[in-house]
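Report on the following structure.
Each residue takes its place number in the sequence, starting with 1. If you're wondering where the values come from, they're calculated on a predicted model, not measured in any experiment.
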Amino acid sequence: PKKKSAKKRFHYFSNMFEFFKKLKPNGEFLLATNDQQYFQEATQIYSEKFALKLQQKNSYQLNSTPHFQPRTHFEKKYFLRGDYCFESLFIK
């Protein structure tokens, strides 16, 4: 993400409080990205602003997790480039 688009990030959307309000107790929210700075910022915001409990935090590359199947075309693209994927699992 570029600085000028920082307020366009998913966790700044005005309807996010409503989204997490509708998430059932013990409901899970998974954050996955290839951008480490965004990952750190978002992980902190989901914990502090939305009171989600961080359950798990991982980073991996395709060559370090040979049995992992990319879930989206974005993950596939980044894995093929050799990028890391950063992932956090939150529980309400």
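- Remark: Glu87 CD to Glu75 CD distance equals 7.0 Å, nearest 0.5 Å.
- Residues meeting the side-chain contact (heavy atoms from CB on, under 4.5 Å) test with Lys92, sequence neighbours left out: Leu23, Leu52.
- Partners of Gln40 by side-chain contact (heavy atoms from CB on, under 4.5 Å), not counting sequence neighbours, listed by chain and number: Gln36.
- Linking ILVMFWY residues whenever their side-chain heavy atoms come closer than 4.5 Å, directly or via other members, places Tyr38 and Phe50 in the same cluster.
- Scanning for side-chain contact (heavy atoms from CB on, under 4.5 Å) contacts around Lys53 gives Gln55, with sequence neighbours left out.
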Exercise answer: donor-acceptor pairs, residues 24-34 side-chain atoms, under 3.5 Å, sequence neighbours excluded:
from, atom 1, to, atom 2, distance (Å)
Thr33, OG1, Asp35, N, 3.1
Asn34, ND2, Asp83, OD2, 3.3

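- Contact of the Phe20 side chain with the Tyr46 side chain is registered, since non-hydrogen atoms from C-beta on lie closer than 4.5 Å.
- Ile91 belongs to no hydrophobic cluster with other residues, because no ILVMFWY side-chain heavy atom falls under 4.5 Å from its own, directly or through intermediates.
- Two residues are said to be in side-chain contact when any heavy atoms from C-beta on lie closer than 4.5 Å; Leu80 and Lys77 fail this criterion.
- Considering only residues two or more places apart in sequence or on other chains, Gln44 meets the side chain to side chain donor-acceptor pair (under 3.5 Å) condition with Glu48.
- Partners of Tyr78 according to the ring pair (Phe, Tyr, Trp, His ring centres under 6.0 Å) rule, which considers only residues two or more places apart in sequence or in another chain, do not exist here.
- Residues passing the salt bridge (charged side-chain N to carboxylate O under 4.0 Å, His left out) test with Glu18 are Lys22, sequence neighbours excluded.
- Residues Asn58 and Phe39 share a closest heavy-atom pair of O-CZ, 4.4 Å.
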